[in-house]
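Along the sequence shown, residues are numbered consecutively beginning with 1. Just so you know, these numbers use all the heavy atoms, side chains as well, and skip hydrogens, waters and symmetry mates.
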Amino acid sequence: MKISENWLRQWVNPTNSSAELGEQLTMLGLELDGMEPIAPMFGGVVVGQVITCDKHPDADKLSVTTVNVGTDTPLQIVCGASNVRAGLKVAVAAVGAELPPPSTSQDDKPFKIKKGKLRGVESQGMLCGASELGLIDEIDGLLELDDDAPIGVNVRDYLGLDGQIFDVAITPNRGDCLSVLGLAREMSVANRLPLNRPQISQTAPTLDKTVNVKVADATACPRYLAQYIGSIDRTVKTPKWLKDNLMASGLRTHNFLVDVTNFILLELGQPLHAFDADKIVGAITVRLAHEGETLTLLNEQTITLTGDELVIADDMGVLALAGIMGGARSAVSDETTNIVLESAHFNQRNIAGRARRFGLHTDASARFERGVDFDLPKIALDRATTLIATIANGQVGQITMAESVADLPKREPVRVPFDKVEKLLGVALSADDITDLLNRLEIHTTFDGTAFICQPPSHRFDISISEDIIEEIARVYGYDNIAPRLPQFAVDMSYDDTADLTHVLKLTLAKQGYFEAVSFSFCDDKLEQLLDDDKLGEILPLANPISSELAVMRRTLLSSLLPIVSHNLNRQQADVRLFETGLSFVGKDVASLAQIPSLAIIATGRATDSIHGVRAVDFFDLKADVESLLPRHATPHYERADLAFLHSGQSAYVSVGGERIGYFGQLHPSISTALDLPTVWVAQFELDKLINLHRTALDVALPSKFPSVRRDLAFFVDKELAWQDVADVVREVAGEHLTDVALFDVYQGDRLPEGKKSLAFAMTLQDTTRTLSDDEIKALMDRVIVALTDKYQAQLRDS
């Protein structure tokens with residue numbers, strides 16, 4: 001909504017600058033979208049009066065005038081305007097004056113008036129039209145000033161052009177601020193200044209004439225006022241003060257009657273409508289439309305009504321779409337001297353959406369949809385009637401009021417506990433300060449010792465609960481005045497960090513190039529048959545599946561991931577890395593069904609390393625990704641996996657601390673072939689076990705400053721013995737001195753004893769308190785040799 005700063009300051013005039021006032025409105029919750037001057041900068045333009053006006057000797061369309069601008073000598077100015085005439089008060093730009101650049105000009109520099117000649121006649125300035133001052137042209141010609149305009153006065157001062165136009169964004173809950181009254185009320189409260197309301201009283205009737213009004217739907221229109229005003233002098237022009245306020249708020253002026261209703265709309269926020277009284281047939285009836293009725297609106301649009309629209313009608317049919325727009329049949333024209341002035345309260349629900357239905361958006365509908373003060377119709381009607389009577393000599397009839405008090409909006413008292421204010425705002429205010437603040441907002445408030453009893457005013461549709469009142473306290477007290485304060489709360493030591501640790505695991509995989517998949521817990525029965533294994537339990541069908549592809553419960557998350565891999569490969573996305581967290585359903589039947597939180601990963605396509613460049617993903621790529629999911633202090637133990645859907649030679653179970661947590665490896669080639677997939681690498685873990693590993697406290701120690709020692713040993717062992725078993729014995733015997741053990745050579749061949757293989761491993765030894773002696777190292781190595789010999793009949797290689 002655009003509103004004149006000058007108009008606002010007539011109601012309340014704080015010492016704030018324009019910018020400060022705009023900032024204050026924003027901090028009150030009425031955001032200032034923009035601020036622009038009423039008129040662009042110009043100078044040297046004064047009020048003048050045309051003394052003489054003669055035809056130019058050499059140009060039919062030019063006139064030669066003499067103009068009194070308050071100086072000793074009148075100015076001779078050549079003018080081409082059609083409305084120039086002797087006696088006219090006009091804006092005069094004398095030589096040296098600077099005007100705004102023309103709208104058609106590419107240059108933004110001011111236009112300076114110079115002495116010149118037009119067709120041989122000297123011209124000492126320029127008579128200005130509105131557009132030449134950066135204003136809106138009401139007529140084609142000069143800007144005609146009122147007859148009482150003082151000669152020689154600066155036009156900017158006379159027209160009040162030095163103020164700003166505020167463009168304020170009013171939120172849907174604050175329809176009460178769509179007026180000068182509403183905004184001034186806020187400024188008054190914020191600056192602790194009185195509100196200079198205009199004195200409004202009912203004009204004594206001069207005619208014994210009333211309007212017959214019937215309200216058929218009191219719920220939709222609980223209050224309707226109508227007043228007859230006759231014998232209006234239509235030769236009267238809109239007064240300058242009224243016209244200035246409208247123009248400074250971005251509205252064009254039309255004629256006196258239209259200007260008055262627009263003025264009341266902006267000043268008080270109450271939409272009014274004037275009907276031509278001589279065009280109304282019978283009584284005015286407020287009712288719901290009949291389905292199929294038509295109405296030609298003031299904008300010449302003809303609409304067909306559906307039956308739920310509220311309308312104003314007479315005996316001949318619909319006169320207006322209530323609260324939105326009047327009809328053409330009863331429209332006021334320049335010849336209208338008798339009117340019926342309507343001022344009503346319409347229910348929001350009966351107006352909301354109706355304007356948009358017909359592609360309309362009017363100032364009236366914007367206000368009624370948000371809610372208009374139901375005590376305002378009588379005040380606004382009296383204000384408009386007084387203006388018409390005093391300015392245009394209108395003869396005033398009796399007011400007809402039809403109302404249903406029971407159907408007016410209810411304003412129930414709101415109880416606000418005193419301690420709740422500080423609890424929500426984080427600032428301690430005294431009960432007296434809160435009471436004073438709310439009363440200044442016209443929210444009648446009393447304090448009973450423990451709580452505030454707050455009675456919302458009729459113009460506030462957005463106050464119904466205690467939080468609404470506390471919000472009012474916060475915005476008027478000032479958000480900037482509320483110091484930051486940390487909330488007080490008790491630390492819950494039983495906090496469940498499962499979600500946090502799951503997120504950490506997801507981020508780890510994302511850094512490895514995996515993307516998260518989210519799928520149903522159901523899968524295709526055919527795929528589950530391919531992934532069958534006794535260890536997974538029975539396949540459990542659904543009684544009422546979504547589709548045939550989602551007919552059974554998944555026993556492994558791979559059943560969900562494999563179709564996604566196929567989907568991507570079929571769309572030429574060859575490199576696929578996915579992971580998913582969710583439930584696996586394992587059991588012999590529904591009664592024994594276990595829902596196991598799981599994490600699965602799947603990969604196919606290419607990998608890149610610094611040695612081989614681009615190559616196919618292999619077992620060790622997957623193993624590295626698996627180990628990235630383990631905390632640093634966890635030592636994984638691997639053993640050959642015996643799952644039917646994994647390649648027996650390239651798959652393994654993963655255990656930590658003697659507990660199996662999952663498996664990984666290559667999807668069995670027969671399954672890949674059946675699904676028309678290349679080599680696919682998969683893994684699945686029990687999520688809870690994986691997370692518990694991350695919960696285990698890690699002992700942190702400073703690195704040793706003493707040197708480490710490496711010793712290599714090689715043994716002949718049985719071919720079937722896993723290196724992992726050898727490493728476990730080495731860790732057990734070497735104890736705390738062992739910092740690392742690594743396999744660096746495996747040899748099998750004809751030269752070895754039958755059924756044997758050679759394993760060579762390196763041990764790194766170090767103490768945190770001293771340098772290990774040769775004797776200690778030899779003793780430790782001997783213990784390792786004896787332990788491996790006793791447990792696995794290992795034979796130490798001599799070379």
Side-chain angles (χ1 to χ4, degrees), residues 505-506 509-533 535-542 545-586 596-608 614-626 629 641 643-652 662-685 687:
L505 295 174
K506 289 181 178 182
L509 289 171
K511 291 176 182 177
Q512 301 291 94
Y514 287 82
F515 291 89
E516 183 174 12
V518 179
S519 56
F520 288 106
S521 297
F522 324 125
C523 61
D524 190 346
D525 180 51
K526 295 178 182 179
L527 183 53
E528 274 294 304
Q529 296 285 355
L530 284 174
L531 298 176
D532 201 14
D533 189 285
K535 300 176 186 64
L536 299 181
E538 298 297 326
I539 299 174
L540 300 175
L542 295 173
I546 299 173
S547 67
S548 60
E549 290 79 17
L550 300 171
V552 299
M553 304 300 293
R554 66 184 179 191
R555 296 174 299 171
T556 166
L557 270 59
L558 303 179
S559 301
S560 297
L561 291 174
L562 284 169
I564 302 174
V565 173
S566 295
H567 181 85
N568 280 271
L569 293 175
N570 291 337
R571 284 155 181 78
Q572 298 180 333
Q573 300 301 312
D575 300 326
V576 181
R577 282 173 173 76
L578 300 170
F579 73 88
E580 182 171 4
T581 57
L583 296 176
S584 299
F585 300 87
V586 178
I596 303 173
S598 304
L599 167 65
I601 63 178
I602 193 165
T604 187
R606 298 168 297 176
T608 304
V614 178
R615 54 174 177 75
V617 175
D618 61 22
F619 178 86
F620 297 102
D621 293 317
L622 183 64
K623 181 172 178 285
D625 294 337
V626 166
L629 295 172
L643 294 169
F645 53 85
L646 295 181
H647 190 302
S648 60
Q650 298 196 53
S651 60
Y663 56 84
F664 71 98
Q666 181 185 342
L667 186 68
H668 199 284
S670 64
I671 298 176
S672 297
T673 301
L675 297 176
D676 194 22
L677 296 175
T679 300
V680 176
W681 301 94
V682 300
Q684 180 161 312
F685 299 92
L687 187 58

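- A donor-acceptor contact shorter than 3.5 Å is absent between the side chain of Ser651 and the backbone of Gln666.
- Atom CG of Leu643 sits about 5.5 Å away from atom NZ of Lys535, to the nearest 0.5 Å.
- Of the inter-residue distances, the one linking Ser670 atom OG with His647 atom NE2 reads 10.0 Å to the nearest 0.5 angstrom.
- Counting only distance, with no hydrogens or angles, the side chain of Arg554 and the backbone of Glu528 share no donor-acceptor pair below 3.5 Å.
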Can you list the steps and then say if Phe645 with Leu530 is a side-chain contact (heavy atoms from CB on, under 4.5 Å)? CA-CA 7 Å; Phe645 53 85; Leu530 284 174; over 6 Å; no
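- Residues Leu505 and Phe579 are not in side-chain contact: their nearest non-hydrogen atoms beyond the backbone lie 4.5 Å or more apart.
- Looking at heavy atoms from C-beta onward, Leu583 lies in side-chain contact with Pro597 at the 4.5 angstrom threshold.
- Counting non-hydrogen atoms of other residues, nucleotides and ligands closer than 6.0 Å to NZ of Lys511 gives a total of 12 or fewer.
- Here the closest heavy-atom approach between residue Asp621 and residue Ala607 is recorded as OD2-CB, 3.7 Å.
- A pairwise comparison of heavy atoms in Arg577 and Gly513 identifies CB-O, 3.6 Å as the closest pair.
- Ser584 approaches Leu557 most closely through the heavy-atom pair OG-CD1, 3.1 Å.
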Applying ring pair (Phe, Tyr, Trp, His ring centres under 6.0 Å) to Phe664 and Phe685, what does each step give before you reach the verdict? CA-CA 9 Å; Phe664 71 98; Phe685 299 92; 7.7 Å; no
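- Taking all atoms of both residues into account, the shortest heavy-atom contact from Glu516 to Thr581 is OE2-OG1, 4.2 Å.
- Contact of the Ile564 side chain with the Ile602 side chain is not registered, since no non-hydrogen atoms from C-beta on lie closer than 4.5 Å.
- Going from atom CD of Glu549 over to atom SG of Cys523 covers 11.5 Å, rounded to the nearest 0.5 Å.
- A donor-acceptor pair under 3.5 Å is absent between the side-chain atoms of Gln684 and the main chain of Thr556, judged by distance alone.
- In this structure, the side chain of Asp575 engages the main chain of Arg606 through a donor-acceptor pair within 3.5 Å.
- The two residues Val617 and Trp681 make their nearest non-hydrogen contact at O-NE1, 3.0 Å.
- The environment of CG in Asn570 is crowded: more than 12 heavy-atom neighbours from other residues, nucleotides or ligands sit within 6.0 Å.
- Panel note: side chain Ser598, backbone Ile596; a donor-acceptor pair is recorded below 3.5 Å.
- In this structure, OG in Ser560 is found 11.5 Å from CG in Leu578, a value given to the nearest 0.5 Å.
- Using a 4.5 Å heavy-atom threshold, the side chains of Leu622 and Ile601 count as touching.
- The shortest distance between side-chain heavy atoms of Leu675 and Leu527 falls below 4.5 Å.
- Nearest heavy atoms, Leu677 versus Ser566: CD2-OG, 3.3 Å.
- The shortest side-chain heavy-atom distance between Arg555 and Asp532 falls under the 4.5 Å cut-off.
- For the atom pair Leu509 CG and Leu629 CG, the distance stands at 4.5 Å (nearest 0.5 Å).
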Let me see the working for Val680 and Ile671 under side-chain contact (heavy atoms from CB on, under 4.5 Å), right down to the final yes or no. CA-CA 10 Å; Val680 176; Ile671 298 176; over 6 Å; no
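- No donor-acceptor pair closer than 3.5 Å links the side chain of Asp525 to the backbone N or O of Val552.
- Rounding to the nearest 0.5 Å places CG of Leu531 at 12.0 Å from NE2 of His668.
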Worked verdict on Leu667 versus Leu562 for side-chain contact (heavy atoms from CB on, under 4.5 Å): CA-CA 10 Å; Leu667 186 68; Leu562 284 169; 3.8 Å; yes
